[in-house]
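Contents: one structure, followed by commentary.
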Amino acid sequence: MTLKGALLGLALAYGTLWGGAQVLAPAFGRVPIPCTGEPLRMQSPLFCATLRNFVTPELRALARDAAATVAAQYPGTVTLALDGNLPVFDGVPLIPHLSHDDGEKLDFAFYYMDDTGTYLPGRTASPIGYFAFERVGTDVCGDTAGPMRWEMRWFEPLTRDLALEPARTAALVRALLDDPRSGKLFLEPPLAQALGLDHPRLRFAGCGAARHDDHIHLEL
Amino acid sequence: MLMVLLMGAAIWGIGLAMKAPVRDRLIMLGVLLAGVLAIQLILPDGHPLREATGSEPEFWVLVAGLGALVWGYRALLRRLRSRAQPQAPAAPAAPGGPFTDDELSRYARHIVLRELGGPGQRKLKDATVLVIGAGGLGAPVLHYLAAAGLGTIGVIDDDVVAASNLQRQVIHGVSTLGMPKVFSAAERIADLNPHVTIRPYHRRLTSDIATDLFAEYDLVLDGSDNFDTRYLVNRACVATKTPLVAAALTQWEGQISLYDPGSGGPCYECVFATRPAPGLVPSCAEAGVISPLPGVLGAMMALEAIKALTGAGETLRGRMLFYDALYADTRIMTLKKRPGCPACGGGA
């Protein structure tokens, strides 16, 4: 077997797996977040290619409605989703997340702007949507930080120097929390405070969990 | 190929019948797959054994690759879950174990007290208390209970430290501004007394968790700043038969009592049958509060807790103490159960 043949075989196998997952997902109560289009899409086609964009129909509807609310408030806004869940099997988390295991969790990227304060549609500070931490104020955990609270300092050179766009980001959080279908939303307390956000279902994930000042975590 | 699939099914079925662990069954399937791959790669084209196990190795390579992928995913997940487990404390508390030299030295002034002594200190070490709120009252309560050697202290609060808190909430500091109060308090307690196990709950106390949470504790101290929470705390304490030390204050005055209907005393709702109309009782933010007042009342709360847990002296069960700081005046009022109290029944 030649290398070309092996690669072709692997591509074919993965394509079959990927296509099969798309077909099987509805049977497991999962639907994909769209990979293209507006006002809601995945941050990168890579999420779709790696089957990380599946959620329950209720969560997709919630995400779509929230994205539409922000777009109505700020025309031209594109809301970018990050990790959802695998297309099949409850109880199998989407690594490295340990909670994304039932279709009821979805992460969103922040919105960003350039030096002039102009919103940049579809752009994120991190090429993968995660790990561009805002680090507002004092670290809430200090010495109590657990091993899953990754700081990812080595990743910083790979991020773009973009500033968080506060108005749209706060609007998205409000739209998500104002929806009675939403359960809770995780954001770091200092960032939430800086954005003027306060809601009983707006929570801190705790010092044993991942930082939430690089993305928004929503669950039903 | 069919023969291999049948052999795989047989291995799995026999393993299942023999109650062999899944891991062992998977290993056996792996051995079978390795054997088939070896046959496919070593034997020449047209060999009967190779024909019987599928004439091309690609399919089995893909099966092996898929299996490796699943195994790798599971291994990674196991590793992540293992990392996410709470780490064991460096110096684990040992309820029931002997006092260390450091503890004996630390609690020496307690141990010489006739009413407390070593047995009383042991009771404190074995006790679990829950503090509602890490604010004005919670700060001195947490400070003194930790210093006194309470074995396990839970604290629940959903707020973060703000500059306006530092005038009276002495457990927090400039370095913890913006930090959830429970974590700020936990840091301070860990620094003050590493023998204490602290359980911070960064969330609002709600009716859906209160009863389960209170059931884990021997005593609850309520330092909350609103009536909804006070009534909720009382109901959960009554339901779990947990004694409650509660205090409240505003401007220059405060009050404190121990509510323990399980031991014959009244509950909070026996005394405060109806909550004041909204806006009638101003909060500290609206009316102000003199800085040391929460310290006085909070220290009294810690003291009542210590007495209730050790049996020393006489607690404020069935009595309420009023403290008027502006005129340095104290009064005590006797409290009684209220017949028909919707929370505790009032002994009816």
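This is a predicted model, so every value here is computed, not measured. To find a chain, count down the sequence lines: A is the first, B the second, and so on, and within it residues start at 1.
At distances below 3.5 Å, at least one donor-acceptor pair connects side-chain atoms of B/Y73 with backbone N or O atoms of A/I95.
In this structure the side chain of A/F204 never reaches within 4.5 angstrom of the side chain of B/D158, judged on heavy atoms. No side-chain heavy atom of A/P190 sits under 4.5 Å from any side-chain heavy atom of B/M179.
Both the backbone and the side chain of B/L76 come within contact range of chain A, judged by heavy atoms closer than 4.5 Å. For chain B, the nearby part of A/V92 is the side chain; its heavy atoms alone come within less than 4.5 Å. Only the backbone of B/S175 comes within less than 4.5 Å of a heavy atom in chain A; its side chain stays farther off.
Other residues, nucleotides and ligands contribute over 12 non-hydrogen atoms within 6.0 Å of the CZ atom of A/F131. Counting heavy-atom neighbours within 6.0 Å of B/R79 CZ, excluding the residue itself, gives a total of 12 or less. Within a 6.0 Å radius of CZ in B/R204, other residues, nucleotides and ligands contribute 12 heavy atoms or fewer. More than 12 heavy atoms of other residues, nucleotides or ligands lie within 6.0 Å of CZ in A/R160, so this atom counts as buried by the packing criterion. Residue B/D208 places its CG atom among more than 12 non-hydrogen atoms of other residues, nucleotides or ligands, all under 6.0 Å distant.
Listed here is the closest heavy atom pair of B/L77 and A/P93: CD2-CD, 3.4 Å. Contact between A/P189 and B/V160 at its shortest, heavy atoms only, is CB-CG1, 3.7 Å. Across all their heavy atoms, B/G178 and A/Q193 have their closest contact at CA-OE1, 4.2 Å.
Between atom CE of residue A/M148 and atom CG of residue B/L80 there is a gap of 5.0 Å, rounded to the nearest 0.5 Å. With rounding to the nearest 0.5 Å, the separation of CG in B/L69 from OH in A/Y14 is 9.0 Å.
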